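This one's a predicted model, so the numbers in the text were calculated from it and none came from an experiment. In what follows, chains carry the letters A, B, and so on, assigned in the order in which the sequence lines appear, proteins first and then strands, with residues in each chain numbered from 1.
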Amino acid sequence: MRGKAAVTGNLSADSPWRISGRVIGALLLRESLTRYGRNNIGFLWLVVEPMLFTLVVTALWTAMRQIHRSDIPIAAFALTGYSSVLLWRNMPGRCIRALKSNRALLFHRQVRMLDVYLARILLEFVGVTISFIVLGIALWAIEWINSPEDVLAVFFAWMLLAWFGGALALTLGSMSERFNMVEKIWPAVALILFPLSGAAFMVDALPPQAQSILLYLPMLHGVEYLREGFFGSQIHAHFDIAYLIVANTLLTLFGLSQVKRVVLGESNEF
Amino acid sequence: MIELRKVSKSYPTTHGWREILRDVNLVVQRGERLGVVGRNGAGKSTLVRLISGAERPTSGSIERSMSVSWPLAFSGGFQPALTGADNLRFICRIYGVDFESRIAFVEEFSELGAYLHEPVGIYSTGMRARLAFAISMVVEFDCYLIDEVIAVGDDVFRGKCDVELFEKRSDRAMILVSHNFRYLRDHCNRFVLIRNGRIEEYDDAEKVRLAYKYMPPDDEDEIQASAPAVGQDARSPLADTTKLRKTA
């Protein structure tokens, strides 16, 4: 609302939700300007990076196709796998140690650390989602992939994966402020989780014992669900949506409890 | 009105919890000008941050029935990659203030001219300070928190700041932190000295100056908590300070 009060600089009494929405919007713009600048070429990296990933993997898998004798559509397999990884890997990456570069903002009462995290998560979500959609359309246009069999399933799977990424980002971001270890160890852990999360395999191709162990990883359910939506008729996907939702909920609650503990601290520097 | 009731604030350090403020009670009414003095590290900035709401007290409560500014010390807080105008836009957005109607004021007041559209990273310290002050005049608050900010800039600019703050906004409450007693004498009608985590109130600038000048050295033992045992109590500053109070 741009009433008379706003023009004179007087503060209007807004609801906390309204303030929070305003703050997150302002943080989003600030963050994207800072990261990508005014010349919009920087924004393209959001699309180019996963595109490179996907192309490399697609080439590798096509070359190895005979060994695996797999019938799965390689490009769609690579697209779903790597885009999913980017969701849960980049969101925490952007939130870890976010306090340092945002300290000064917390001096404004209405900016909470949660807003900073949410803005960064949202920006990452927008970036990866755009890249996913653009790549999907591009690969479809050159007939490397078919259009998804069940768009709704793709949508829900994508949202659940994004939710997982966001919850993980809240948790790791806030814990990194109290434990230096998080910042150091996360890249290594992400590297290990990368192949285990289903980026490079279908659960069905694994021995049952490995399946039952790996399916403890929530994101694996999301990736399998995503592939079910894309080319479900050609594979046998293993996933449990309820498990993923429960895991997401618990992780979100834990993450929020940790965010509350991120505070400004004694230092006067900002 | 701003009311602090039994406000305490402790910070964790490598050697245990350090209590900066203890059981502070303070009421600031509309239009009052409170000058805050104290040694370095006495807790002046902490008090201002608590009042601003940027931080929460470890215990006690703070009530605000008027709008309170952010601490105007703030020559930092700018994103160096963004322009001065971008930073202003950000502040306008989070406070819900119209940007277009304020940009002209900031441009004129900060004397930045075309630099307003250059990244803040290339500004000099003085330019940053001018921008910071101009931006903080964009939102109208009932109470301004001013943490040593007026010390920056040249005399002409300082004069302009004084007009903007003390003449145009003479009806507002202000909390000024400064080491400059003359400055406080000219602009405040109440004075507090922070010492050993507590505040002492004086009604006269000269009295607070003398109290500050002849202040005995800090009684460190009284105020600092001892380090908690390893692995114990890292989560509970309260338990530790309560213990301390009993032994004190």
Side-chain angles (χ1 to χ4, degrees), chain A residues 1-15 18-38 42 100-113 115-116 119 177-179 257-258 260-270, chain B residues 9-13 18 20 40-41 43-46 48-49 51-56 58 64 66-83 86-87 89-102 105 119 137-142 145 147-148 234-235:
Chain A
M1 198 172 61
R2 288 280 148 89
K4 203 177 164 193
V7 178
T8 56
N10 285 321
L11 287 169
S12 44
D14 285 338
S15 71
R18 193 179 207 120
I19 292 174
S20 212
R22 217 162 56 201
V23 168
I24 291 173
L27 285 167
L28 263 179
L29 282 160
R30 180 180 189 268
E31 195 73 20
S32 47
L33 266 180
T34 312
R35 273 178 74 187
Y36 304 111
R38 281 242 146 71
K100 201 177 165 214
S101 52
N102 287 285
R103 279 189 65 82
L105 303 184
L106 299 186
F107 280 68
H108 301 281
R109 184 168 56 251
Q110 53 271 76
V111 182
R112 299 163 306 159
M113 204 53 206
D115 300 322
V116 172
E177 302 300 342
R178 287 191 299 139
F179 308 106
S257 76
Q258 295 304 300
K260 279 197 175 158
R261 301 175 69 172
V262 180
V263 289
L264 216 44
E266 189 172 8
S267 164
N268 282 324
E269 287 166 29
F270 46 78
Chain B
K9 182 71 184 172
S10 305
Y11 290 109
T13 65
R18 205 171 109 81
I20 303 293
N40 287 332
K44 302 186 295 293
S45 296
T46 301
V48 164
R49 285 204 300 253
I51 292 174
S52 80
E55 276 188 276
R56 289 192 188 170
T58 311
R64 297 177 206 87
M66 53 184 178
S67 65
V68 180
S69 78
W70 68 88
L72 300 197
F74 233 40
S75 53
F78 295 127
Q79 172 58 252
L82 298 184
T83 69
D86 286 334
N87 279 290
R89 204 174 275 127
F90 177 76
I91 298 290
C92 286
R93 277 197 190 109
I94 64 173
Y95 284 91
V97 166
D98 181 58
F99 167 76
E100 298 301 331
S101 60
R102 315 307 288 164
F105 164 79
M137 289 298 113
V138 152
V139 189
E140 297 295 338
F141 294 103
D142 297 326
L145 307 175
D147 195 346
E148 293 279 11
R235 275 156 286 123

> Mind checking whether A/Val263 and B/Arg56 have side chains closer than 4.5 Å, heavy atoms only?
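No. Closest side-chain heavy atoms not under 4.5 Å.
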
> Look up atom CD in B/Gln79 and atom CG in A/Asn102, then write down how far apart they are to the nearest 0.5 Å.
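Spacing of CD (B/Gln79) from CG (A/Asn102) equals 8.0 Å.
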
> Taking all non-hydrogen atoms of both residues into account, name the closest pair between A/Gln110 and B/Ile94 and its distance.
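Closest pair (atom of A/Gln110, atom of B/Ile94, distance): NE2-O, 3.7 Å.
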
> Check each atom of B/Ala81 against the heavy atoms of chain A and say whether the ones under 4.5 Å are side chain, backbone, both or neither.
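The side chain, not the backbone.
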
> Considering only heavy atoms, which portion of A/Leu27 lies under 4.5 Å from any heavy atom of chain B: side chain, backbone, both, or neither?
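Both parts, heavy atoms under 4.5 Å.
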
> Mind checking whether A/Phe107 and B/Ser52 have side chains closer than 4.5 Å, heavy atoms only?
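No, every pair of side-chain atoms sits at 4.5 Å or beyond.
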
> Given heavy-atom pairs under 4.5 angstrom as the criterion, report whether the side chain, backbone, both or neither of A/Leu29 touches chain B.
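Side chain only.
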
> Looking at B/Arg64, I want to see if its CZ is surrounded by more than 12 non-hydrogen atoms of other residues, nucleotides or ligands under 6.0 Å.
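Check passes, neighbour count above 12.
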
> Measure the spacing between CZ of B/Phe90 and CG of A/Leu33 and express it to the nearest 0.5 Å.
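Answer rounded to 0.5 Å: 11.5 Å.
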
> How far apart are the closest heavy atoms of A/Ala26 and B/Arg93, and which atoms are they?
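Taking every non-hydrogen atom into account, CB-CB, 3.5 Å.
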
> Distance from A/Leu105 atom CG to B/Phe78 atom CZ, nearest 0.5 Å?
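So the CG of A/Leu105 and the CZ of B/Phe78 are separated by 11.0 Å.
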
> Where does A/Val23 contact chain B at under 4.5 Å (heavy atoms): side chain, backbone, both or neither?
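Both backbone and side chain.
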
> Pick from B/Pro119, B/Ala54, B/Ser69: which one has the most heavy-atom pairs with chain A under 4.5 Å?
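Top option by heavy-atom pairs under 4.5 Å: B/Ala54.
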
> State the CZ-CD1 distance between A/Arg109 and B/Ile51, to the nearest 0.5 angstrom.
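It comes to 11.5 Å.
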
